[in-house]
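To keep things clear, I will list the structure first and then write my remarks on it.
Since this is a predicted model, take the numbers as computed values, not measurements.
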Amino acid sequence: MKSKKIPFMMILLLTLAFGLGIWQFVEGVSSQIRDGSIQTITESTRQSANALNIQFEADYETLERMWQNIADTDTPEAVLAQYRSIEPDVRLYLCGQPDDGAGADQTVDDFLDAVTTDRGIIDSHTSAVTGENVFHIYVRGCLKDGTSAYLVKDYRTIEVSRHFKPSYYDDTGFSYLINRDGDIMVRPRHKNSNTAISNIFGATSQSGNDPDSMERFRNSIRAMESGWARIMCERGMFVFCYEPLREDTEWILVSAIPEYMITRQTASILEKALLFSGISVITILVVVAVFHAIKMHENEQHTTELTEALHAADTANHAKGRFLMDISHDFRTPLNAIIGMTAVARKNLSDQHKIEDCLSKISVSSTHLLSMVNDVLDMSQIDQGKIILKEEAVRLVPLYEETVNLIRAKALDHGQTLEMIPVFLKNGTVTGDPHRIRQILLNIIDNAIQYTPAGGHITLELTQLPDREDGLGVYCFRCADTGIGIEPEFLERLFLPFERARNTTNSKIAGTGLGLTITKSLLDLMDGSVSVESEPGKGTVFTITFYFHYEETQPDTQEAHTAALSEDGTPQETDYARKRVLIVEDTEINMEIMMELLDMAGVQVETACNGREAVQMVAEHPEGYYDLVFMDIQMPVMDGYEATRHIRRMDRSDAHTIPILAVSANTLASDVKNAIDAGMNDHIPKPVDYESVEKALRQYLG
């Protein structure tokens, strides 16, 4: 008994030690990233402050050069007027004279009467001359007759603020110019800045701030020191980095950056580290268990298993790390559009046109995001060998034409010409998987559209070649574009997962980088092939070769004509007003979506929150009461599989005839098979749209 506890204690101690090491590593990296970010912002603030100092010094020198001419003449006003043609914002103020006839500003007059320095800066204020918010620098001198006077240069704060456009962390940061009392001299023109405050200390004096930290922050600003501080503001926690300007200005440049932007990098590192630690801990557990088995049984076969386990863990860890790095940006792009357009729509509820525009963009981004998710799922199934190809009759020409029509609009949106060569096939009906054939064609054509600039030309051609020796039909699909082409050295990696000739940031072409990999894998499963010819700057030609058995009988064309037709052959609307549908769904938002979609179709709807409730509702109502059931799979109390089995086992005439359709986010081939094995008639993948619901109603309710 004691010997059995030793491996367990060893595993526990190793796990705890490894977890502690990972935690210390994450803490260390997080601290380094934060300190490095603050150093970067501090250095950027210092450089911006130096740029302002250089500008002020140049203007001081200009004023001093002007003094050399003014001081040696009996008519300084005339000389100043001459220089105003070069420096129109420079004015002369004579000491002791309230109005020198040059459009003097009384605030400036009052300040200069009390000042004792020979040069400096006058805080921002509203000019009595122009009515604008301004500040000034000045230089004192003495005229030939001994009169003290000042040359004053005007700065419009609105002009200065236009230069405050720091690109701190995705343009979320901004800068203030303040004096040592915290009064804001020049405020940024930035969406995150508070335009209502006049003093930075007043804006940061909230209960969420530590009084001692706030006092240190105030004292540091008043002492004209460099530094940084974490301050809670109205919009959340910010990092303030500050740098004083010239001593004779007594101004400080303050940069403010939301802390969440700085910690975002830390969070990303933490997520990856936790993922790595989880995989590593599992790996350690597997290794220790296998090692213990080897020691206990002294079986060489276990050594081989250990090696394979280590290799598999290393491969999985590498693949997951590469996946996270490559897919994160591309997933966030459509998510950003969805979230952003939702926010825009909420702010424009009264603008119907704006809402429709937002909804259209949300729909496009959602479709794009779903296609990337599907790519990842397909790649996962391919890696695990779970792709199951259907064997059914396929009419190649209609499938080919429908596929091209699906993507033609995208080519037109890109300003491209999509030419489809007329198709003439000797044998147009074959045995194959129509969904996967369409997927291959779409991936190849979509790739051509993405990498062909506006004004480009894409040519599509489908031909039948002589039969193979074993009697299989040979079909060739050719896609030629006038796009950017592919570099020769990249052709070798073209079909590897996550590979792109140019990354998303540079090319502005989003995607998982899995499309061509999936295409190649599907063709391998079909015993087909793909070849590429390309020349950079001139275009690319993809050639797909399919091998199919000929289908003797024509496929059932009912699906293409499911909608009822009137006497003149036009589609006729189906009336579902007397049809009753049961929705079984545990998630409130999904339930609401299904109810809205079915309401659009005019169907009577009843709902159940789990499988057990659905079984009870069917049992309590008479036979034929429900015409159709939409059944979720993963639910509390009783899942959709079990609920379907209970309904099918009921002793009533409609138990085996009522259509039950799975509506689930589980979309793998095995999930579809499980639904059919449980007694369901069909499987509708989430997210559900109106077309899929309406198609199901036509098929099962007529």
List for me each residue that meets side-chain contact (heavy atoms from CB on, under 4.5 Å) alongside [X], sequence neighbours excluded, and say none if there are none.
| X | value |
| --- | --- |
| Asp59 | Gln55, Ile137, Lys153, Tyr155 |
| Ser350 | none |
| Ala345 | Cys358 |
| Ala49 | Glu243, Leu245, Leu253 |

Are more than 12 heavy atoms, taken from residues, nucleotides or ligands other than Glu61, located less than 6.0 Å from that residue's CD atom?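 Check passes, neighbour count above 12.
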Return yes if a side-chain donor-acceptor contact under 3.5 Å exists between Ser175 and Ser255, otherwise no.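 On atom types as modelled, these side chains qualify, holding a pair under 3.5 Å.
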Between Ser220 and Tyr242, is there a side-chain donor-acceptor contact under 3.5 Å, judged purely by atom types and distance?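 Yes, side-chain donor-acceptor contact under 3.5 Å.
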With [X] via side-chain hydrogen bond (donor to acceptor under 3.5 Å, both in side chains) - residues at least two apart:
| X | answer |
| --- | --- |
| Thr126 | none |
| Glu592 | none |
| Gln47 | Glu43 |
| Asp110 | Gln106 |

Can you name the salt bridge (Lys or Arg N to Asp or Glu O under 4.0 Å) partners of Glu215, sequence neighbours left out?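 Arg218.
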Residues two or more places apart in sequence or in another chain: which of them pass salt bridge (Lys or Arg N to Asp or Glu O under 4.0 Å) with Arg216?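 Arg216 satisfies salt bridge (Lys or Arg N to Asp or Glu O under 4.0 Å) with no residue once adjacent residues are dropped.
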Which residues pass the ring pair (Phe, Tyr, Trp, His ring centres under 6.0 Å) test with Tyr60, sequence neighbours left out?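 Residues passing ring pair (Phe, Tyr, Trp, His ring centres under 6.0 Å) with Tyr60: none at all.
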In terms of ring plane angle, is the pair Phe174 and Tyr176 parallel, tilted or perpendicular, where the classes change at 30° and 60°?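 Ring orientation, 0 to 90° scale: perpendicular.
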With the side chain counted from C-beta on, respond yes when Ile122 and Leu112 share a heavy-atom pair under 4.5 Å apart, and no when they do not.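 Of all side-chain heavy-atom pairs linking Leu112 with Ile122, at least one is under 4.5 Å.
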Applying salt bridge (charged side-chain N to carboxylate O under 4.0 Å, His left out), which residue pairs with at least one partner in residues 117-140 are found, sequence neighbours left out?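 Only Glu57-Arg119, Glu64-Arg119, Asp118-Arg140, Arg119-Asp248, Glu132-Arg156 qualify under salt bridge (charged side-chain N to carboxylate O under 4.0 Å, His left out).
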